[in-house]
Amino acid sequence: MSPVTPMSPVARRTAQAVAVLTSAIALLGGCTGGGGGKGNDGEPALGPVAANPATSSISLPLDAYTDSISETGRMDGVQDRLTAQCMARYGFAYEPAPRPAAAAGAEADQDRHRTLFGVADPAQAAAHGYDGASGAPRPAKPAPPQLSESGTAVFFGTRPGGKAPVGPDPKSQEEADHAESGITVGGQRVPAGGCLREGYRKLYAPTKDSVDLLFPFGLASEAHTRSQKDARVVAALKGWSDCMGKAGYGAVATPYEVVGTLGLEGDTAGPRAVAVAGVDVACKREVNLVGIWYAVEKAYQQRLVEENAETLALYKRQRDARFKLAASVG
């Protein structure tokens, strides 16, 4: 049998503190929730509370309804091609600006919740501080398309020389098929909002009953807002904030305030930012902030999924249809 390396006194105390706090939170979770987590009153009961889980291992209920980074990039490309098809009907060649490489999106997919609770990975903190791009250069903003006056009218749905689309703004392609933009180019009616809007509607809102693309994101945002007010997260945040204060970084109530409160905006990956990020992550681990917050966030998301089951089921069917369209467009 291999010898077991004894834990250091600091590591032992930290592990014990995490175990005690996590057990208390789990017990509290089992004693709240307004009848087992049903309904919208009271804090929901929690499932297992992991000890300092890696964010790459986190899976939330609404993930099933939201595109990953690489899927979003793919859909952006499909929307571009639908826009180009529309432009071709009017005799204009439209070449969309290149999108970021798919490999970068695939890498981000492996840790889609990396920054949900602020910086949480010790290696990320040590190497890049609070630089969310992990040191990679940020992609340049695509240049606007170079089009003639008529081409611009078709692309944006503007009158020649105008800057804003004219006419109605249908919410779906089904409605747009019967809407009049009041603009014609080459004897053809320009779609409301131009080809830019048509490309979006054909992909994301083909019919009147299309669920808003941002619907699941709105639910995720609502769950996150609720989680921040939950007594179990409030207690864990208090412990994290006290830990930061003992290290000399007081007056920081949440991980989202660190960069602004401590004046790190100008150099989020500099030596001071790296030092603060290291303490930040250590304090999160001391109180198991990520483990507790993840369990609470998951419970609120599950509650919202159950409350919005019918709309989410429709959204999922429409999302599946969107992927089929994407495959046919290429």
Side-chain angles (χ1 to χ4, degrees), residues 22 25-75 105-121 204 209-237 254-256 284 288-324:
T22 299
I25 291 294
L27 181 61
L28 180 60
C31 298
T32 61
K38 299 294 184 181
N40 211 4
D41 53 339
E43 296 177 343
L46 305 184
V49 180
N52 294 314
T55 53
S56 58
S57 71
I58 288 177
S59 177
L60 292 166
L62 285 165
D63 290 351
Y65 305 93
T66 55
D67 291 353
S68 65
I69 301 298
S70 58
E71 286 171 338
T72 299
R74 180 186 173 209
M75 289 300 163
E107 183 178 346
D109 288 347
Q110 298 173 10
D111 198 354
R112 67 192 297 180
H113 299 301
R114 185 182 67 183
T115 60
L116 182 59
F117 309 115
V119 63
D121 176 37
Y204 294 113
D209 69 343
S210 295
V211 181
D212 193 299
L213 174 65
L214 298 180
F215 181 72
F217 294 95
L219 293 181
S221 178
E222 174 64 21
H224 192 58
T225 297
R226 293 183 187 182
S227 76
Q228 292 178 73
K229 300 174 183 177
D230 187 280
R232 295 157 292 194
V233 171
V234 170
L237 283 170
T254 75
Y256 311 128
K284 284 188 175 83
N288 195 24
L289 180 61
V290 174
I292 294 165
W293 204 340
Y294 166 42
V296 172
E297 182 116 352
K298 186 174 184 178
Y300 279 106
Q301 281 206 11
Q302 186 58 42
R303 173 182 282 179
L304 287 171
V305 166
E306 293 169 2
E307 291 173 353
N308 295 273
E310 185 176 345
T311 302
L312 285 171
L314 176 60
Y315 183 91
K316 191 173 188 307
R317 292 195 298 272
Q318 293 173 348
R319 182 169 178 255
D320 291 342
R322 185 156 63 241
F323 286 162
K324 290 181 180 179

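Computed from a prediction, not measured in an experiment: that's the story for all the values here. The chain is numbered in sequence order, starting from 1.
Closest of all the heavy-atom pairs between Pro255 and Gly118 is CB-CA, 4.3 Å. Taking both residues in full, the closest heavy atoms of Lys284 and Val119 are given as NZ-O, 2.9 Å, listed atom of the first, atom of the second, then distance. The nearest pair of heavy atoms linking Met75 to Asp67 is CG-OD2, 3.9 Å. Here the shortest heavy-atom pairing between Glu297 and Ser227 reads OE1-OG, 3.0 Å. Listed here is the closest heavy atom pair of Ala223 and Gln301: CB-CG, 3.6 Å. The nearest pair of heavy atoms linking Ala299 to Ala45 is CB-O, 3.7 Å.
Using a 4.0 Å cut-off between charged side-chain N and carboxylate O, Asp230 and Arg226 make no salt bridge. Contact check on Arg319 versus Glu71 returns a salt bridge, with a Lys/Arg side-chain nitrogen under 4.0 Å from an Asp/Glu carboxylate oxygen.
Residues passing the side-chain contact (heavy atoms from CB on, under 4.5 Å) test with Thr115: none are found, sequence neighbours excluded.
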Hey, mind stepping through His113 and Asp63 against side chain to side chain contact (heavy atoms under 4.5 Å, CB included) and telling me if it holds? CA-CA 10 Å; His113 299 301; Asp63 290 351; 3.0 Å; yes
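Between Asp111 and Thr55, the side chains place a donor N or O and an acceptor N or O closer than 3.5 Å (distance only, hydrogens not considered).
Side-chain atoms of Asn288 come within 3.5 Å of backbone atoms of Ala50 as a donor-acceptor pair (strictly under, hydrogens ignored). Without hydrogens or angle criteria, Tyr65 side chain to Ala313 main chain gives no donor-acceptor distance under 3.5 Å. Distance alone, capped at 3.5 Å, places no donor-acceptor pair between the Lys298 side chain and the Leu46 backbone.
The CG atom of Leu214 sits 11.5 Å away from atom OG1 of Thr66, with the distance rounded to the nearest 0.5 Å. The distance from atom CD of Glu43 to atom NZ of Lys229, rounded to the nearest 0.5 Å, is 12.0 Å. Rounded to the nearest 0.5 angstrom, Tyr315 OH and Leu213 CG are separated by 4.5 Å.
Of the candidates Trp293, Tyr300, Phe217, Trp293 is the only one forming a ring pair (Phe, Tyr, Trp, His ring centres under 6.0 Å) with His224.
Within the 4.5 Å cutoff, no side-chain heavy atoms of Gln318 are placed close to those of Tyr204. Considering only heavy atoms from C-beta on, Asn308 stays 4.5 Å or farther from Pro216 through its side chain. Looking at Leu62 and Leu60, their side chains never come closer than 4.5 Å, going by heavy atoms from C-beta outward. Glu310 places none of its side-chain heavy atoms less than 4.5 Å from the side chain of Leu314. Contact of the Leu289 side chain with the Phe117 side chain is not registered, since no non-hydrogen atoms from C-beta on lie closer than 4.5 Å. The shortest distance between side-chain heavy atoms of Ser56 and Arg114 does not fall below 4.5 Å.
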